[in-house]
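Each ligand, and each atom within it, is numbered from 1 in the order the structure gives.
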Amino acid sequence: MLLRIAVQAKGRLFDETMTMLEESSIKIESGKRTLLVPAKNFPVEILYLRDDDIPQAVASGIADVGIVGLNEFAERHEDAEVIKRLDFSKCRLSLAIPKSIEYNGLSWFNGKKIATSYPHILSEFLNKNSVVADIHVITGSVEIAPGIGLADCIFDIVSSGSTLVSNNLKEVEVVMNSEAVLIGHKGLSAEKVAILNELLFRFDSYKNAEGKKYIVLNIPTDKIAAASELLPGMKAPTVTALETEGWSSLASVLEEKHFWEIIGKLKQLGAEGILVMPIEKMIL
Ligand code: PRP
Ligand code: ZN
């Protein structure tokens, strides 16, 4: 019994999806140019699809679960469930208009022609806000539509914002925040749910460790309380007495984004011999 996971064959989600599987110790032969590839050491197989096709594949049961952008899932209205937000490939679906135009609120869109690949999400938003506009569906390169006179403005994915900038557009309304999600077929067998739970456990262990470092340092024993406050760790830091009178060794976990700030404060407390190591997995 294999759990079949639909993933994007290439594009926005591909790299991080593969990294997450790899970091969860699920080995997939990358060289294979086939659509369906079984993992070597875990009861899953990977079905490579276009992201647009993943919601339907999961709803129909062709795949058991799928990793797809929430934007894509919301657009398709397919009958599957969001099992977990995966916290990567974050982006937003936004309305953007030519940079030079003065924007004075949603009513600006009345009577305008809006180019998008997300007509459902857009029309729901417009209806809710009583805006009547003309939705023009295009499947790729939506951002060039205003420049070539195909539309007045666009509704599209914005991530870094650089696509908008290079097309002289500005984001004026965020309609939806999106990220990669794990979606699942409704009514999976108990056996498949068991595989899925193990998979989720591995994803969590990887996600928990992400951005975290293991830190070991020596510190005057009377500064342990102050240092512990800087390093909350998983529970409390581990403290070991050193042979040198009045000194202890302290081990804990630290968030990479606060790294330099915390290291600076630890040094002020007199910390020495600071070792920082990567954490591969973290089981809470
Ligand atoms: C989206 C969107 C923009 C770009 C925005 O396309 O259509 O072109 O990303 O990203 P940015 O704000 O970082 O510049 P995507 O790469 O997802 O390809 P797709 O249009 O084929 O879905
Ligand atoms: Zn797409």
Side-chain angles (χ1 to χ4, degrees), residues 5-21 30 33 35 46-59 63 65-78 80 82 84-101 103 109 112-126 133-183 210-211 257:
I5 312 173
V7 307
Q8 195 184 24
K10 58 178 194 306
R12 164 176 299 277
L13 273 68
F14 178 78
D15 288 337
E16 280 186 86
T17 299
M18 296 327 273
T19 303
M20 188 172 69
L21 290 167
S30 54
R33 281 274 132 230
L35 193 67
I46 306 299
L47 177 65
Y48 293 102
L49 295 178
R50 278 178 40 143
D51 64 344
D52 319 48
D53 296 329
I54 293 175
Q56 196 193 5
V58 172
V65 296
I67 296 173
V68 70
L70 183 59
N71 54 309
E72 206 62 56
F73 181 61
E75 176 62 25
R76 304 284 151 184
H77 286 281
E78 292 287 349
V82 174
K84 192 175 177 56
R85 288 181 171 250
L86 295 172
D87 202 39
F88 66 82
S89 276
K90 295 207 169 167
C91 63
R92 44 202 192 271
L93 275 176
S94 295
L95 283 159
I97 70 171
K99 204 173 62 185
S100 55
I101 293 177
Y103 181 70
F109 290 96
K112 294 295 193 304
K113 192 167 176 181
I114 311 174
T116 189
S117 311
Y118 298 91
H120 286 121
I121 296 172
L122 177 58
S123 66
E124 272 167 32
F125 175 79
L126 294 178
D134 177 13
I135 298 177
H136 185 71
V137 180
I138 29 185
T139 47
S141 305
V142 169
E143 61 276 3
I144 66 167
I148 60 173
L150 210 60
D152 299 300
C153 51
I154 66 166
F155 175 62
D156 199 15
I157 291 178
V158 181
S159 178
S160 65
S162 64
T163 301
L164 293 185
V165 170
S166 54
N167 287 280
N168 288 315
L169 298 167
K170 61 179 175 188
E171 185 179 16
V172 292
E173 300 282 347
V174 177
V175 172
M176 179 184 162
N177 285 300
S178 182
E179 66 187 278
V181 292
L182 183 75
I183 57 170
E210 215 185 12
K257 60 179 173 211

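Residue contacts with ligand 1 do not include V142, since none of its heavy atoms lies under 4.0 Å from the ligand. Contact annotation: G140 has no heavy atom less than 4.0 Å from any atom of ligand 1.
Every pair tested for salt bridge (charged side-chain N to carboxylate O under 4.0 Å, His left out) that includes a residue from residues 148-170 fails, sequence neighbours excluded, so the list is empty.
The residue among G161, S166, A96 with a heavy atom at the shortest distance from atom 12 (O) of ligand 1 is G161.
Looking at T163 next to ligand 1, an N or O pair under 3.5 Å apart turns up. Distances between N or O atoms of R12 and those of ligand 1 include at least one value under 3.5 Å.
Between F155 and Y118, the ring planes lie perpendicular to each other; the angle is over 60°, past the 30° to 60° tilted range.
Distances below 4.0 Å separate heavy atoms of S160 from the following atoms of ligand 1: 11 (P), 12 (O), 13 (O), 14 (O). Interface atoms of ligand 1 facing V158, defined by a heavy-atom separation under 4.0 Å, are 12 (O). Proximity to S162 (heavy-atom distance under 4.0 Å) selects the following atoms of ligand 1: 12 (O), 14 (O). Listed by atom number, the atoms of ligand 1 under 4.0 Å from E143 heavy atoms are 8 (O).
D87 pairs with exactly one of K84, R85, K90 by the side-chain hydrogen bond (donor to acceptor under 3.5 Å, both in side chains) rule, that one being K90.
At a 4.0 Å heavy-atom cut-off, ligand 1 touches D156 through the side chain alone.
Formation of a donor-acceptor pair under 3.5 Å by the Q8 side chain with backbone atoms of D51 is not found in this model. Counting only distance, with no hydrogens or angles, the side chain of S117 and the backbone of I138 share a donor-acceptor pair below 3.5 Å.
In this structure, CD1 on I157 lies 10.0 Å from CD on E143, to the nearest 0.5 angstrom. One distance of note links CD of E72 with CG of L13; it measures 9.5 Å at 0.5 Å rounding.
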